[in-house]
Every structure is written in structure tokens, then in C-alpha cells.
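Notes for the one structure printed next.
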Amino acid sequence: EVQLVESGGGLVQAGGSLRLSCAVSGFTSDDYVIGWFRQVPGKEREGVSSLDIYDKRTYYADSVKGRFTISSDNAKNTVYLQMNSLKPEDTAVYYCAATGVRSYGSNWYDVYEYDSWGQGTQVTVSS
């Protein structure tokens with residue numbers, strides 16, 4: 001069973017930084033993809049970034065390109081989302097998600113591509 005546990009959320013001022021972590025367990029190889037999503041009340045969950053663990057390809061939403069960086073530490077089975085230059089509009093609950101199907105970037109932002117989800121961590125950016 002795949003399990004994902006997020007951590008690292010919190011309150012930060014605009015312009016600041018946070019690093020989210022997603023501890024991953026249950027996969028027996030590197031053939032999987034981790035996505036980061038975020039959601040605010042009343043809105044759909046949106047894709048922020050994705051990382052193919054096997055070939056290390058990364059994908060980003062336009063709204064976070066140049067500010068967020070996704071990476072992994074395979075020895076720790078952890079995926080990170082480094083968030084810099086945070087803006088109030090980045091405020092949301094952030095979720096990591098996993099899929100064992102590598103789609104080589106197509107539909108990385110689609111929630112239906114992922115079948116395991118973490119519990120979420122709140123990120124609040126004050127102006």
C-alpha cells in the first residue's frame with residue numbers, strides 16, 4: 001500500500017520561502033510519479049508540479065515556474081517542494097500525490113492521473 005505524508009507547511013510573509021516534504025512508502029521501484037497539488041476552499045484542486053522519480057523529469061504550472069522547485073532524495077524516499085518568493089495567492093492546502101503509471105508528462109496536472117494522496121498541509125502567505 002502506497003502511503004504519503006506531507007509536512008513543512010506553515011505561515012510565512014510574502015516573499016518568504018517554505019519547503020514542503022512528502023514522505024513516500026510502498027513503492028518497490030523508482031517507476032512512479034509524484035505530484036504536488038494545492039486547493040483553496042471553493043476551488044478545484046490544481047496541479048503545481050510533478051516529478052518522474054525514474055528519469056527525474058519535472059513539470060511546473062506556469063504560476064509557479066521560476067519560484068518553486070521539485071526534487072527528491074531517493075535514499076530518504078522523500079520528495080520536496082521548495083517554494084520561494086511566495087505570494088498571498090499561493091495560500092492553499094498542499095497535497096502530494098502518487099501514481100505508478102509514468103505518462104511522460106502528459107496530464108501531470110490532472111488529479112485523476114494519481115491514485116494515492118497525502119493528508120495535506122496548510123500553507124498561508126500573508127501580505
Side-chain angles (χ1 to χ4, degrees):
E1 179 187 3
V2 174
Q3 291 189 328
L4 307 171
V5 179
E6 302 100 334
S7 61
L11 173 64
V12 64
Q13 288 189 331
S17 299
L18 281 175
R19 188 179 76 162
L20 305 184
S21 299
C22 175
V24 183
S25 62
F27 285 107
T28 58
S29 72
D30 289 343
D31 286 337
Y32 64 96
V33 175
I34 296 294
W36 282 100
F37 290 77
R38 64 188 182 187
Q39 189 171 26
V40 297
K43 292 191 175 182
E44 293 186 352
R45 196 167 294 189
E46 66 167 344
V48 175
S49 183
S50 180
L51 170 66
D52 185 312
I53 299 298
Y54 183 80
D55 63 15
K56 303 304 183 188
R57 292 190 183 189
T58 59
Y59 306 92
Y60 296 94
D62 287 344
S63 59
V64 306
K65 277 181 182 176
R67 300 189 298 122
F68 290 12
T69 303
I70 191 170
S71 64
S72 66
D73 183 334
N74 287 8
K76 295 183 178 179
N77 292 322
T78 300
V79 175
Y80 303 100
L81 185 69
Q82 177 68 43
M83 306 186 296
N84 299 329
S85 302
L86 282 162
K87 305 175 182 180
E89 51 263 45
D90 294 318
T91 296
V93 177
Y94 283 71
Y95 300 88
C96 65
T99 176
V101 178
R102 297 174 60 216
S103 59
Y104 304 99
S106 63
N107 298 326
W108 68 265
Y109 47 84
D110 188 343
V111 298
Y112 296 105
E113 293 291 307
Y114 300 83
D115 42 37
S116 300
W117 292 83
Q119 81 287 354
T121 185
Q122 176 71 47
V123 171
T124 303
V125 184
S126 63
S127 57

Report task. Could you tell me which residues satisfy salt bridge (charged side-chain N to carboxylate O under 4.0 Å, His left out) with Lys65, sequence neighbours excluded, listed by chain and number? Result ->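 With neighbours one apart ignored, the set is Asp62.
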Are [X] and [Y] connected, step by step, through hydrophobic side chains (Ile, Leu, Val, Met, Phe, Trp, Tyr) whose heavy atoms are closer than 4.5 Å?
X      : Y      : value
Tyr80  : Ile34  : no
Val93  : Val79  : no
Phe68  : Tyr109 : no
Tyr104 : Trp108 : no

Strictly distance-based, threshold 3.5 Å: is any side-chain N or O of [X] a donor or acceptor partner for the main-chain N or O of [Y]?
X     : Y      : value
Thr69 : Gln82  : no
Gln39 : Glu46  : no
Glu6  : Gly120 : yes

Only counting residues at least two apart or in another chain, list the ones meeting side-chain contact (heavy atoms from CB on, under 4.5 Å) with [X].
X     : answer
Ser63 : Arg38, Ala61
Thr58 : Leu51, Tyr60, Ile70
Glu44 : none
Glu89 : Lys87

Requested in this report: Taking all non-hydrogen atoms of both residues into account, name the closest pair between Ser116 and Leu4 and its distance.
Outcome: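 Smallest interatomic distance, heavy atoms only, reads O-CD1, 3.4 Å.
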Non-neighbouring partners of [X] that pass side chain to side chain donor-acceptor pair (under 3.5 Å), sequence neighbours left out:
X      : answer
Lys56  : Ser72, Asn74
Asp73  : none
Thr124 : Gln122
Arg102 : Asp52, Asp55

Query raised in the report: Is there side-chain contact between Val101 and Val33, with heavy atoms separated by less than 4.5 Å?
Result: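 When only atoms from C-beta onward are counted, Val33 and Val101 do not touch, as no gap falls below 4.5 Å.
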Requested in this report: Determine, for Tyr95 and Arg45, whether the Lys NZ or Arg CZ falls below 6.0 Å from the six-membered ring centre while staying within 45 degrees of the axis.
Outcome: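 Satisfied, under 6.0 Å and within 45°.
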Requested in this report: If a pair satisfies salt bridge (Lys or Arg N to Asp or Glu O under 4.0 Å) and one of its residues is in residues 103-127, list it, with sequence neighbours excluded.
Outcome: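 Non-adjacent pairs meeting salt bridge (Lys or Arg N to Asp or Glu O under 4.0 Å): zero.
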Requested in this report: Scan for ring pair (Phe, Tyr, Trp, His ring centres under 6.0 Å) pairs involving residues 4-44, sequence neighbours excluded, and state none if there are none.
Outcome: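 For residues 4-44: Phe27-Tyr32, Phe37-Tyr114, Phe37-Trp117.
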Requested in this report: List the steps and the verdict of side chain to side chain contact (heavy atoms under 4.5 Å, CB included) for Val40 and Thr91.
Outcome: CA-CA 7 Å; Val40 297; Thr91 296; 5.6 Å; no
If you look only at distance, which donor and acceptor atoms sit under 3.5 Å apart when one is on a side chain in residues 8-22 and the other is two or more places apart or in another chain?
{"from": "Ser17", "atom 1": "OG", "to": "Asn84", "atom 2": "OD1", "distance (Å)": "2.9"}

Query - Value rounded to 0.5 Å, distance of OG in Ser50 from CG in Asn107 - result: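 Here the rounded value is 11.0 Å.
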